[in-house]
Amino acid sequence: MSIVKRWFLILAAALSLSGCGYNEFQSLDEASKSAWSEVLNQYQRRADLVPNIVATVKGEASFEQDTLTKVIEARAKATSIQVTPETLNNPETFNKFQQAQGELSSALSRLMVVAERYPELKANQAFRDLRVTLEGTENRITVARNRYIETVQKYNVLARSFPTNITAKIFSYDPKPNFSVQNEAQISTPPTVDFSAPKK
């Protein structure tokens, strides 16, 4: 009789665990790690492009050194931050990494805008190819980040919903940090539009 009771308790425990969202937490945790790996993969792809872009731009003798220096420094900062699986559960480290990647995005955008003023550079086939590759990589980064955002949203909803939030508390499944806009205050302020005639 004790063997039957033991099997009954094991079966009851297994059913209660599956009903409390434990397996879904595991599944979504792995999905978020996988999605994050793809984000990192695309960031690395971009970082690998930067030296080729810088080398090509340096061929234009009159190009602004300050712009190039900012790109090189931003790349160095972005690649110096050690990213581990724990980064996904540490909002402070996640934010630092996100800021560094944002600085690299901004520096590369400035570089491309400045490059428009150099006809020889714009005509350079290698630079044009690198520019197209960079644009494609930026699009891939956006897609990878969107997938990560969706996965984290599902995980966080599970962590905050009843009764799975009890499982989250028991096993310390805290909500994961997500991407945010770096200049949220700036972009949320509506622009001032003035159609009045200029004062003379």
Side-chain angles (χ1 to χ4, degrees), residues 32-152 176-194:
S32 67
K33 287 176 185 173
S34 175
W36 177 245
S37 293
E38 183 56 24
V39 171
L40 293 180
N41 181 37
Q42 296 308 325
Y43 278 146
Q44 186 60 54
R45 176 185 164 95
R46 179 175 67 179
D48 292 344
L49 277 172
V50 172
N52 293 332
I53 292 170
V54 168
T56 305
V57 171
K58 274 185 177 176
E60 181 62 44
S62 60
F63 197 85
E64 288 99 332
Q65 277 305 121
D66 185 50
T67 306
L68 280 176
T69 302
K70 285 181 181 169
V71 169
I72 293 165
E73 288 172 355
R75 180 191 183 269
K77 186 174 180 183
T79 56
S80 70
I81 296 175
Q82 295 297 315
V83 179
T84 64
E86 288 73 39
T87 303
L88 294 179
N89 299 319
N90 185 330
E92 186 180 331
T93 307
F94 187 88
N95 191 40
K96 282 181 186 174
F97 177 76
Q98 185 180 343
Q99 284 177 342
Q101 291 298 333
E103 287 173 22
L104 179 55
S105 293
S106 180
L108 283 169
S109 294
R110 281 194 302 275
L111 175 71
M112 293 305 158
V113 168
V114 171
E116 287 295 316
R117 291 182 276 186
Y118 292 82
E120 293 84 7
L121 190 55
K122 285 169 65 177
N124 181 315
Q125 184 62 45
F127 181 75
R128 287 201 314 247
D129 291 346
L130 286 167
R131 184 177 192 143
V132 168
T133 305
L134 179 63
E135 287 170 1
T137 301
E138 292 294 342
N139 289 336
R140 288 177 184 211
I141 288 170
T142 301
V143 169
R145 284 177 54 153
N146 284 341
R147 285 185 185 143
Y148 175 76
I149 289 167
E150 289 169 9
T151 305
V152 167
K176 295 179 183 292
N178 218 328
F179 287 105
S180 61
V181 178
Q182 294 301 313
N183 57 345
E184 188 173 347
Q186 181 184 349
I187 65 172
S188 63
T189 305
T192 303
V193 180
D194 185 3

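Position 1 is the first residue of the sequence; numbering continues from there.
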Of all the heavy-atom pairs spanning T67 and L111, show the shortest one and how long it is. CG2-CA, 3.7 Å

Please work out which of the three classes, parallel, tilted or perpendicular, describes the rings of F94 and Y148, given edges at 30° and 60°. parallel

Within the distance-only criterion (no hydrogens, no angle test), does the side chain of R128 pair as donor or acceptor with the backbone N or O of A123 below 3.5 angstrom? yes

Does CD in Q125 sit with more than 12 non-hydrogen atoms of other residues, nucleotides or ligands closer than 6.0 Å? yes

Check for me whether the distance between the ring centres of Y118 and F127 falls short of 6.0 Å. no

Just wondering, more than 12 heavy atoms not from E116 lying within 6.0 Å of its CD? yes

Give a yes or no on whether a salt bridge exists between R117 and E64, defined as a side-chain N under 4.0 angstrom from a carboxylate O. yes

Run V39 and Y43 through side-chain contact (heavy atoms from CB on, under 4.5 Å) and show every step you take. CA-CA 6 Å; V39 171; Y43 278 146; 3.4 Å; yes

Quick check: are there more than 12 heavy atoms from other residues, nucleotides or ligands sitting under 6.0 Å from CZ of R147? no

Looking at E92 and K96, is any side-chain nitrogen of the basic one under 4.0 Å from a carboxylate oxygen of the acidic one? yes

Can you name the closest pair of heavy atoms from L88 and S32 and give their distance? CD1-O, 4.3 Å

Would you confirm whether S106, through its side chain, and E103, through its main-chain N or O, come within 3.5 Å as a donor-acceptor pair? no

Nearest heavy-atom approach of K70 to A107 is O-CB, 3.9 Å

Does R75 form a side-chain contact (heavy atoms from CB on, under 4.5 Å) with V54? I'd like the steps, not just the answer. CA-CA 11 Å; R75 180 191 183 269; V54 168; over 6 Å; no

